[in-house]
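Hydrogens, waters and symmetry mates play no part in the numbers below; they use all other heavy atoms, side chains included. This structure is a prediction, so every number in the text was calculated from the model and none was measured.
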Amino acid sequence: MRAKQFPKRDIKPDPKFNNVIVAKFINQIMRRGKKSLAQNLVYKTFDIISEKEKTDPLEVFEKALKNVSPVLEVISRRIGGANYQIPIEVRGDRRMTLAMRWIIKAAQSKKGKQMPEKLASELILAAKKEGSAMSKKEEVHRMAESNRAFAHFGRS
């Protein structure tokens, strides 16, 4: 049995754009408590996006998150001695967290450039429904679709 649910913390919006989602993205990028480094990285990324796309970087960022966020995912459950991959619907806050995580991982896995440039290109690609983060989402959806026969195990 699990312990009681831990209450969610309220995250303050970031100083430049006054946006909570950007603040969460900064927190995802942050390593070892170095928030100012993470903020500088994200703001440089947004500057690069505004130069390349000639549009508002927040729109590109939000569109990229919306495109990459998954609707379904699979969980493993042991039933009668066999492990089944059961497709379940993803909750809203987990959707955003997964999308941010996939975009950051996709940017980190690229070679050659500085991190702001890699992150900017990945966000632009995700806004156009391309790139590594989008392929990760499609892979998760394919897994859920192929295991649709076991969906009735999730409703217990």
Side-chain donor-acceptor pair present, Lys137, Asn67, cut-off under 3.5 Å: no
Contacts of Ser76 meeting side-chain hydrogen bond (donor to acceptor under 3.5 Å, both in side chains) (sequence neighbours excluded), chain-then-number -> Gln85
Aromatic plane relationship, Tyr84 with Phe150 - under 30° parallel, 30 to 60° tilted, over 60° perpendicular: tilted
Is there a path of hydrophobic side-chain contacts, each under 4.5 Å between heavy atoms, that joins Ile75 and Val140? no
Nearest-0.5 Å distance that lies between atom OG in Ser109 and atom NZ in Lys118: 8.0 Å
Applying salt bridge (charged side-chain N to carboxylate O under 4.0 Å, His left out), run through Arg142 and Glu145 and close with a yes or a no. CA-CA 5 Å; Arg142 267 196 307 275; Glu145 190 63 32; over 6 Å; no
Is there a donor-acceptor pair under 3.5 Å between the side chain of Lys129 and the backbone N or O of Ala126? no
Can you check whether Ile86 reaches Val74 side chain to side chain, under 4.5 Å on heavy atoms? no
In terms of heavy-atom contacts, does NZ of Lys110 have more than 12 from other residues, nucleotides or ligands at under 6.0 Å? yes
Name the one of Ile48, Leu65, Thr45, Val68 that satisfies side chain to side chain contact (heavy atoms under 4.5 Å, CB included) with Leu123? Thr45
Report the distance from atom NZ of Lys8 to atom CD1 of Ile11, rounding to the nearest 0.5 Å. 9.5 Å
Note: Phe46 and Pro57 closest approach over all heavy atoms is O-CB, 3.5 Å
Shared ILVMFWY cluster between Leu72 and Trp102, side chains joined below 4.5 angstrom? no
Minimum heavy-atom distance Leu98-Pro70, with the two atoms named: CD1-CG, 3.8 Å
Does some side-chain heavy atom of Phe61 sit less than 4.5 Å from a side-chain heavy atom of Ile21? yes
Return yes when atom CD of Gln114 has more than 12 non-hydrogen atoms of other residues, nucleotides or ligands closer than 6.0 Å, and no otherwise. no
Between Ala149 and His152, the two heavy atoms sitting closest are O-ND1, 3.1 Å
Could you tell me if the side chain of Lys44 sits less than 4.5 Å from the side chain of Met115, heavy atoms only? no
Among residues at least two apart in sequence or on other chains, which ones pass salt bridge (Lys or Arg N to Asp or Glu O under 4.0 Å) with Glu130? none
Taking the side chain as C-beta and beyond, is there a heavy-atom pair between Thr97 and Gln28 under 4.5 Å? yes
Side-chain donor or acceptor of Glu73 paired with backbone N/O of Pro87 under 3.5 Å: no
First locate atom CZ of Arg31, then atom CG of Leu41, and finally report the distance between them rounded to the nearest 0.5 Å. 11.0 Å
Does any non-hydrogen side-chain atom of Pro13 lie less than 4.5 Å from one of Asn19? no
Check the surroundings of atom NZ in Lys52: do more than 12 heavy atoms from other residues, nucleotides or ligands lie under 6.0 Å from it? yes
Between the OG atom in Ser121 and the CD1 atom in Ile49, the distance rounded to the nearest 0.5 Å is 9.0 Å
Tell me if a side-chain donor or acceptor on His141 pairs with a main-chain N or O of Val71 at a distance below 3.5 Å. yes
Cluster check Leu125, Phe25: I/L/V/M/F/W/Y, side chain < 4.5 angstrom: no
Partners meeting side-chain hydrogen bond (donor to acceptor under 3.5 Å, both in side chains) with Arg101 (sequence neighbours left out): none
Roughly how far apart are Ile26 CD1 and Leu37 CG, rounded to 0.5 Å? 12.0 Å
With a 4.5 Å cut-off on side-chain heavy-atom distances among I, L, V, M, F, W and Y, is there a chain of contacts connecting Leu58 to Val60? yes
Heavy-atom pair with the smallest gap, counting every atom of Lys12 and Ala23: O-CB, 3.3 Å
Using the test salt bridge (Lys or Arg N to Asp or Glu O under 4.0 Å), find all partners of Arg91 that sit at least two apart in sequence or belong to another chain. Asp93
Any sub-3.5 Å donor-acceptor pair from Asp14's side-chain atoms to Val22's backbone N or O? no
Are Met30 and Phe17 linked, directly or through other ILVMFWY residues, by side chains that come within less than 4.5 angstrom of each other? no
Pairs meeting criterion salt bridge (charged side-chain N to carboxylate O under 4.0 Å, His left out) with involvement of residues 58-71, two or more places apart: none
Contacts of Asp10 meeting salt bridge (Lys or Arg N to Asp or Glu O under 4.0 Å) (sequence neighbours excluded), chain-then-number -> none
